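This report concerns only the one structure given below.
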There are 2 protein chains.
Amino acid sequence: MPHASAPRPAKRPTLADVARASGVSVALASIVLREAEGASGESRARVKQAAADLGYRPDSRARSLRSSRSRTLGLALALGEPLHAELADALYAQADQSGFEIILGATGRHRDERRVLNTLIDAGVEAVIGVFPELPAAQLVQVSKQLPVISLLRKVKGIPSVITDEAAGVEQVVSHLVQRGHTRLLHLDGGSAVSAKQRRDAFIESAARASASASGQILPAGPDEATAFAVLREYLEKMPQAERATAVLAFNDRAALGARQAIDLAGLQVPEQICLAGYDDSEFARLAHADLTSVRQDVAALAQAAMQAALNSPGASSTHAPQLVVRGSTGQRRA
Amino acid sequence: MPHASAPRPAKRPTLADVARASGVSVALASIVLREAEGASGESRARVKQAAADLGYRPDSRARSLRSSRSRTLGLALALGEPLHAELADALYAQADQSGFEIILGATGRHRDERRVLNTLIDAGVEAVIGVFPELPAAQLVQVSKQLPVISLLRKVKGIPSVITDEAAGVEQVVSHLVQRGHTRLLHLDGGSAVSAKQRRDAFIESAARASASASGQILPAGPDEATAFAVLREYLEKMPQAERATAVLAFNDRAALGARQAIDLAGLQVPEQICLAGYDDSEFARLAHADLTSVRQDVAALAQAAMQAALNSPGASSTHAPQLVVRGSTGQRRA
DNA sequence: CACTTTATCTAGAACGTTCTAGGAGACGCT
DNA sequence: AGCGTCTCCTAGAACGTTCTAGATAAAGTG
């Protein structure tokens, strides 16, 4: 059955319509609506009134085509990550303040990060802020010749990078655990996820530095529940109790949640028999059952720095201090 | 907030550059690169070669300004929702097939859905697919006069809506529980979240219909862990055991996770003493500890229908059947 | 008075595409 | 030859903005 032809959408009002309705030139209408200088109070009122009456909204494609000012920012991130969601929230707040709009691109498991980047650029954004775990630095640098590109959560040489001091975060957890008497520490790493390498390296160093008697072991896992669960489950089954780690540091809170399932399954008590720490202090960490000690990244500061870097000419890199949030999963008795 | 100008970015090559380099007119270059008819094989080769050499990529703003074909779709959703992330993944896959790009807008707790919609439209999308829990139908209808707007997961009169048959889903869970002998059922509802009302109503009806002896109670909660936890915790503390529900149906998996924490805290065994079911069959449901019976929405079908509706002139509404996924949390012994 | 200055406005050229209308040849048919 | 009809190509007008370079008139300055 042939489709009825589309009910041709009501054409949206253009600047010319507004100008005509208010009896001024297109140029003047543009001046008024841009809040630029050079229009009398009377014209201002008339044009604004007409614009409001017609429900005029400027066409950002035409605007950005002509002026390369779309007042729009591109944000690339992964959809399932709680931390990314928090960052997006904070960035939206920042953008509001600067009068910018934000559009998003989702980098996914098998979605080409380069393509996401291109899509955003094609849509006319003035700058891109993004978490690009795998995109080669060279490509990011290349693109950054066209417009500002800010790397979030990952240090990329050659472009402004806004990151958290991973070494400091891991150090805080490790020394917290060592202080509580733990000597055998285990880290479930994040595989190829962003900052996984930094945390892995920092874990080794911190463990070595913290105490002569402390030892750190690393288990290759991933940034989500599933692999952390599987990996830790196997570890707990195989490892004799005497040699078993007494504290586990997961790559992030999601992984910690998976780890917790494995621990529960093994019949171990948290924190009495084994301690567990996460990373990112996402909403998961605050769940009552998890009650997870975690490392809080300073989302607000990260967002603000990223926005600043995106808006200022040669954006500045910055590193932000994380903060350990101690909860029940590492030894405090729960209420 | 001052916006400093970027250091003169390397201007990206334009169609005119390509035309010049290959010795043809701009119009012909356009024809070739659009794969339109009317160019000789030889010109095709030359233009394509030149385009490749220069690294030309068409400017989608100019293109869409002129032709209203940006080959870009807008997708509006909430960032923290696993189901939305799954839908996005599926829609990306669909878009790939149709040669469309996707840009996202995040509807958030306090972010104006209308504004997100406008931002996407301004960026030049050809159609918008979105989960708009709160935006008044009238506004959606209004906007849909300008371009196709598809409502996902929420039935909106006047625009194509692609939804799941909530009544059927709830019915499946309820009759599953009743069959297992439960007579006192409890529903933690989703508050003002999308489809919360439908599930609430369906729960009442299903409980009444399922059995003369079955009774259903509803507790007002919300679509995430926190409120579900708090509400159920209070319920479990106050309600005498004899009157207590023996099966809980949470609004979604996240809420179920929160509910599970409350159940664990109360020292009750799942599924022996109390059964728990979620909704959406997200990755949370599959967590070993949760092992959650849940209702799977047919994400692939939803995505395909939404895409179809977006691309075809008067898009068609459709309702898709969900499927109950039985896991350990409602009575099967775990391995 | 002749002049600069200032404040307000406007025409028209951009921006990088697509699309319309048509032009130049080449070929085939009466 | 004359005429149509292909195929390939191109000039130039859109699209809806912003921006440059004036134009106009009122007001200030000597």
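No experiment lies behind these values; they were computed from the predicted model shown. Below, chain A is the first sequence line, B the second, and so on; all start at residue 1.
- Here the side chains of E101(A) and S60(A) are not in contact, with every heavy-atom distance at 4.5 Å or above.
- When the C1' atoms of four end pairs are superposed on the next four at each end of the helix from dC1(C)-dG30(D) to dT30(C)-dA1(D), using five pairs per end, the two resulting axes differ in direction by 60°, to 10°.
- Rounded to a whole Å, the CZ atom of R46(B) is 12 Å from the C1' atom of dC9(D).
- The side chain to side chain contact (heavy atoms under 4.5 Å, CB included) test applied to D298(B) returns A300(B), A301(B), not counting sequence neighbours.
- Note on D96(B) versus R115(A): salt bridge recorded, some NZ/NE/NH1/NH2 to OD/OE distance being below 4.0 Å.
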Take nucleotides 13-22 of chain C nucleotide by nucleotide from the 5' end and write B, S or -, depending on whether a protein heavy atom sits under 4.0 Å from the base, only from the sugar-phosphate, or from neither. BBBBBBB---

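- Between D59(B) and R61(B) there is a salt bridge, since a side-chain N of the basic residue sits under 4.0 Å from a carboxylate O of the acidic one.
- Here the CD1-OG1 distance, from I102(A) to T72(A), works out to 9.5 Å after rounding to the nearest 0.5 Å.
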For nucleotides 6-8 of chain C, which of its nitrogen or oxygen atoms have a protein nitrogen or oxygen under 3.5 Å away, and what is each distance?
none

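- Within 6.0 Å of NZ in K155(A) there are more than 12 heavy atoms belonging to other residues, nucleotides or ligands.
- The side chain to side chain contact (heavy atoms under 4.5 Å, CB included) test applied to S30(B) returns L15(B), R34(B), not counting sequence neighbours.
- Salt bridge status for D122(B) with R12(A): present, with a side-chain N to carboxylate O gap under 4.0 Å.
- Checked for salt-bridge contact, K48(A) and E35(A) meet the test: a charged N lies under 4.0 Å from a carboxylate O.
- A search for side chain to side chain donor-acceptor pair (under 3.5 Å) contacts involving S98(B) returns nothing, not counting sequence neighbours.
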